[in-house]
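Comments concern the structure below.
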Amino acid sequence: MLSYDKCSLCPRMCGVDRRTGEIGYCGGPAAAVVAKTMIHRWEEPALAGSGGSGAIFFGGCTLGCIYCQNHAISQNPVGREVSSDELRAMMEELIEQGAENIDLVTPTQYLPTIVPALSPKLPVPVVYNCGGYERVETLRALEGLVDIYLPDLKYTDAGAAQRLSGAMDYFQTASAAIEEMVRQTGKPRWEGDKLVSGTVIRHLILPGHIENSLRALDWIGEHFKPGEVIVSLMRQYTPTDATKNIPTLNRCITDEEYDAVLSWMYLNDLEGFVQEKSAADRQYIPDF
């Protein structure tokens with residue numbers, strides 16, 4: 001299943017043969033494109049720990065979010081093409097630098113290269129950091145290889161999903177994917193303050209889209225028991241050049257918007273991480 005020919009790795013199922021140079025929605029070739037590796041100290045505290053996450057940023061993406069902070073690499077798969085052996089060496093180098101985990105950022109389109117690099121098992125957890133827009137069939141091929149799933153749950157509204165990310169089917173696809181992720185990892189498992197397995201669902205609050213946020217939290221609260229997942233409520237939305245002329249998206253969220261969503265999170269008996277207002281700052285965007 002995890003193959004670059006007749007590509008069906010993501011929900012778009014382009015069906016192109018990437019081995020012959022055909023390009024699908026993600027823009028990726030038939031080899032993993034690594035845009036950047038770094039010790040990332042700005043992930044959730046339970047992931048970053050004292051040593052930071054060993055982040056590997058891949059070029060290209062299966063979504064087309066117009067507000068993407070990583071647009072320099074997500075809209076165009078820039079970077080270096082690497083083999084599975086080279087990717088494994090990158091992981092091991094990050095671990096030598098003190099990384100608490102290996103954080104695979106937007107990896108789906110390169111799984112045929114990534115999966116062989118994950119064996120034998122690494123001595124630190126593997127984090128699958130994605131937009132939530134995943135095929136359940138693809139995720140099943142990752143069972144036992146991923147310790148921590150870190151998906152977004154961006155939208156419940158199909159119109160917003162299409163308008164902002166080009167994915168009308170986002171909610172039904174992401175919700176099924178998250179349920180599969182939780183099935184694989186089970187309840188969060190900790191070693192002290194460090195998360196070693198489980199599923200952390202991120203939700204980025206978008207200015208002017210508060211109802212979307214409330215419905216996303218409703219879905220999480222209705223589908224998972226207290227403590228079964230961790231929620232990371234993000235207020236870091238920062239306008240980009242692409243959104244400066246789009247009403248509501250040309251500003252950060254207000255305190256009133258954030259407080260409303262945070263209160264709703266607690267009303268749903270959800271636990272997890274929250275962000276300070278200072279998180280909405282371009283300084284936290286990696287330099288690509």
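Remember, it's a predicted structure, so these values are computed and weren't measured experimentally.
Expressed to the nearest 0.5 Å, how far OH of Y110 lies from CD1 of I56 amounts to 13.5 Å. To the nearest 0.5 Å, the span separating OG on S165 from CD1 on I66 amounts to 8.0 Å. Between the CG atom in L139 and the CG atom in L142 there is a gap of 6.0 Å [rounded to 0.5 Å]. Taken from CG in L233 to OH in Y258, the straight-line distance is 5.0 Å, to the nearest 0.5 Å. Rounded to the nearest 0.5 angstrom, M91 CE and L104 CG are separated by 5.0 Å. Of the inter-residue distances, the one linking M234 atom CE with R202 atom CZ reads 4.5 Å to the nearest 0.5 angstrom.
The hydrophobic clustering, which links ILVMFWY residues whose side-chain heavy atoms are closer than 4.5 Å, places F58 and L94 together.
Put simply, the side chain of R18 gets close to the backbone of P29: a donor and an acceptor are under 3.5 Å apart. Looking only at distances, no side-chain donor or acceptor of E271 sits under 3.5 Å from a matching main-chain atom of I230. Using modelled atom types, no side-chain atom of E179 and backbone atom of A176 make a donor-acceptor pair closer than 3.5 Å. Under a 3.5 Å cut-off, the side chain of Q97 and the backbone N or O of G54 do not form any donor-acceptor pair. Using modelled atom types, no side-chain atom of E81 and backbone atom of A31 make a donor-acceptor pair closer than 3.5 Å. For H40 (side chain) and M38 (main-chain N/O), no donor-acceptor pair under 3.5 Å exists by modelled atom type. Judged by distance alone, with hydrogens and angles left aside, the side-chain atoms of T173 form a donor-acceptor pair with the main-chain N or O of D169 at under 3.5 Å.
The shortest side-chain heavy-atom distance between L47 and I148 falls under the 4.5 Å cut-off. No side-chain heavy atom of Y170 sits less than 4.5 Å from a side-chain heavy atom of D157. Using a 4.5 Å cut-off on side-chain heavy atoms (C-beta onward), V231 and I220 make contact. Side chains of W190 and V196 form no contact here, defined as non-hydrogen atoms less than 4.5 Å apart.
Taking the charged nitrogens against the carboxylate oxygens, E257 and R251 do have a contact shorter than 4.0 Å, which makes a salt bridge. Comment: K225 does not engage D269 in a salt bridge, judged by the lack of any side-chain N to carboxylate O separation of less than 4.0 angstrom. In summary, D259 and R235 do not engage in a salt bridge, as defined by a charged side-chain N under 4.0 Å from a carboxylate O. A salt bridge between E134 and R140 is absent, with no side-chain N of the basic residue lying under 4.0 Å from a carboxylate O of the acidic one. Residues E92 and R88 are paired through a salt bridge, judged by an N-O separation under 4.0 Å between the basic side chain and the carboxylate.
Cation-pi contact between R12 and Y25: present, with separation from the ring centre below 6.0 Å and deviation from the ring axis of at most 45°.
No hydrogens or angles considered: nothing links the side chains of Y133 and T108 as a donor-acceptor pair under 3.5 Å. Residues Y149 and N129 bring no donor and acceptor atom of their side chains to less than 3.5 Å of each other. With 3.5 Å as the limit, one finds a donor-acceptor pair spanning the side chains of T199 and T185. Inspection of the D218 and N268 side chains reveals an N or O donor paired with an N or O acceptor under 3.5 Å. Counted by atom type alone, S232 and H203 present zero donor-acceptor pairs between their side chains at under 3.5 Å. Residues N101 and S53 have side chains that bring a donor and an acceptor to within less than 3.5 angstrom of each other.
For an aromatic pair to be called close, the ring centres must be under 6.0 Å apart, and Y155 with F171 fails this.
Here the closest heavy-atom approach between residue I178 and residue I201 is recorded as CG2-CD1, 3.7 Å. Taking both residues in full, the closest heavy atoms of C14 and G24 are given as SG-CA, 3.9 Å, listed atom of the first, atom of the second, then distance. For V105 against A55, the heavy-atom pair with the smallest separation is CG2-CB, 4.5 Å.
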I'd like to know whether K154 forms a side-chain contact (heavy atoms from CB on, under 4.5 Å) with L164, so could you lay out the CA-CA distance, the side-chain angles of the two residues, the decisive distance to 0.1 Å, and finally the verdict. CA-CA 10 Å; K154 296 177 183 291; L164 302 181; over 6 Å; no

